[in-house]
Amino acid sequence: MSISAETKAITPPDIRLRKGQAPLVCLTAYTTPVARFIDPHCDVVLVGDSVGMVLHGLPSTLGVTLDMMILHGKAVRRGLKRALMVVDMPFGSYEEGPGQAFRNAARVMAETGCAAIKIEGGEAMAQTIHFLAARGVPVMAHVGLTPQAVNTFGGYRVQGRGEDGERIRRDAQAVAQAGAFSVVLEKVPEPLARWITEEVAVPTIGIGASPACDGQILVVDDMLGLFGDFRPKFVKRYAALGQIAEAAVAAYAQDVRERHFPAAEHVFGDAPKTVKGGEAA
Ligand code: KIV
């Protein structure tokens with residue numbers, strides 16, 4: 001199948017070249033239909049391990065497995081033509097060392113068809129990022145608040161306030177120098193996000209990290225108002241689809257109870273006729 005100019009897929013080097021250019025538009029997706037409608041508008045679609053909390057009702061991302069990421073990755077792949085697809089490596093699938101990370105990342109890439117993976121962690125992951133990047137695995141890094149380390153942080157707090165900013169700065173530098181093609185900065189204060197964006201050679205993609213970043217990412221269910229009452233400061237709600245869906249379900253329930261649904265237009269055919277030979281038409 002030939003790919004037309006409009007549908008040429010965005011690659012990790014394309015994203016790398018967007019440093020300091022027009023802001024990168026990134027969203028998460030976990031299913032084919034959502035991937036389909038966000039694809040024309042996004043540069044990057046991340047199959048985030050947030051899927052565990054958003055779609056599976058888990059209390060954190062720690063219970064997400066490689067099989068879950070692969071299942072959702074395959075679904076998202078079927079919905080994308082243009083955006084770069086990145087799949088999150090779940091907790092426990094890469095931290096042991098470069099060998100484990102490569103084995104699991106290669107499986108994710110081969111089975112989902114994604115062109116890149118994302119891993120959480122800064123300096124401690126630099127060697128692994130270098131190993132992967134040198135062996136055909138493009139890596140998006142993730143520093144600042146890294147949700148897989150929620151127990152170490154003691155909650156989902158803003159990271160890098162005051163002197164702690166130095167730690168996040170070193171993390172961002174280390175992953176960029178190790179060969180990550182971009183770095184997600186999560187929940188860090190504005191001046192720190194600005195410094196890091198000015199300092200590192202690869203695009204920064206912010207989530208709760210101010211407009212100073214080279215791009216922005218949100219969890220799609222959060223910005224569509226589909227994920228309950230979860231409303232952190234950094235999320236802008238562009239729709240209230242959860243409320244719309246609930247009102248629709250309530251209207252359906254009432255229609256069924258009052259026998260208004262199905263109406264004549266939802267019912268098939270005429271009453272059965274008897275034809276010669278006794279068979280019903
Ligand atoms: O899992 C996720 O959705 C993420 C984000 C950066 C949004 O890692």
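Remember, it's a predicted structure, so these values are computed and weren't measured experimentally. One-based numbering, in listed order, for ligands and for the atoms of each.
Listed by atom number, the atoms of ligand 1 under 4.0 Å from Thr28 heavy atoms are 3 (O), 7 (C). Close approach of ligand 1 to His142 (heavy-atom distance below 4.0 Å) involves ligand atoms 6 (C), 8 (O). Close approach of ligand 1 to Gly48 (heavy-atom distance below 4.0 Å) involves ligand atoms 1 (O), 2 (C), 3 (O).
Of the heavy atoms in Val51, none comes closer than 4.0 Å to ligand 1.
Residue, atom and distance of the protein heavy atom nearest to atom 7 (C) of ligand 1 are Ile207 CD1, 3.7 Å. Nearest protein heavy-atom neighbour of atom 8 (O) of ligand 1: Lys118 NZ, 2.9 Å. Distance from atom 5 (C) of ligand 1 to its nearest protein heavy atom, with residue and atom name: Leu46 CD2, 3.8 Å. In terms of protein heavy-atom proximity, atom 2 (C) of ligand 1 is closest to Ser50 OG, 3.2 Å.
Of the polar atoms of Asp49, at least one N or O is found under 3.5 Å from an N or O of ligand 1, judged by distance alone. Of the N or O atoms in Asp88, one or more lie within a sub-3.5 Å distance of an N or O in ligand 1.
By the 6.0 Å contact criterion, CD on Glu199 is enclosed, its count of non-hydrogen atoms from other residues, nucleotides or ligands being greater than 12. Heavy atoms from other residues, nucleotides or ligands lying under 6.0 Å from CD of Glu163 number 12 at most.
Look at Asp214 and Arg16 and you find no salt bridge, because none of the NZ, NE, NH1 or NH2 atoms lies under 4.0 Å from a carboxylate O.
Closest non-hydrogen pair, Cys42 versus Ile10, comes out as O-CD1, 4.4 Å. Of all non-hydrogen atoms in His41 and Val25, the two that sit nearest each other are O-CG1, 3.5 Å. The heavy-atom pair separating Ala180 from Ile129 by the smallest distance is N-CG2, 3.6 Å.
Cluster membership for Met109 and Val87, using ILVMFWY side-chain heavy atoms within less than 4.5 angstrom, is shared.
In this structure, Phe102 and Phe131 have perpendicular ring planes: the angle between them is above 60°, well past the 30° mark.
Within the 4.0 Å heavy-atom cutoff, Glu120 does not count among the residues contacting ligand 1.
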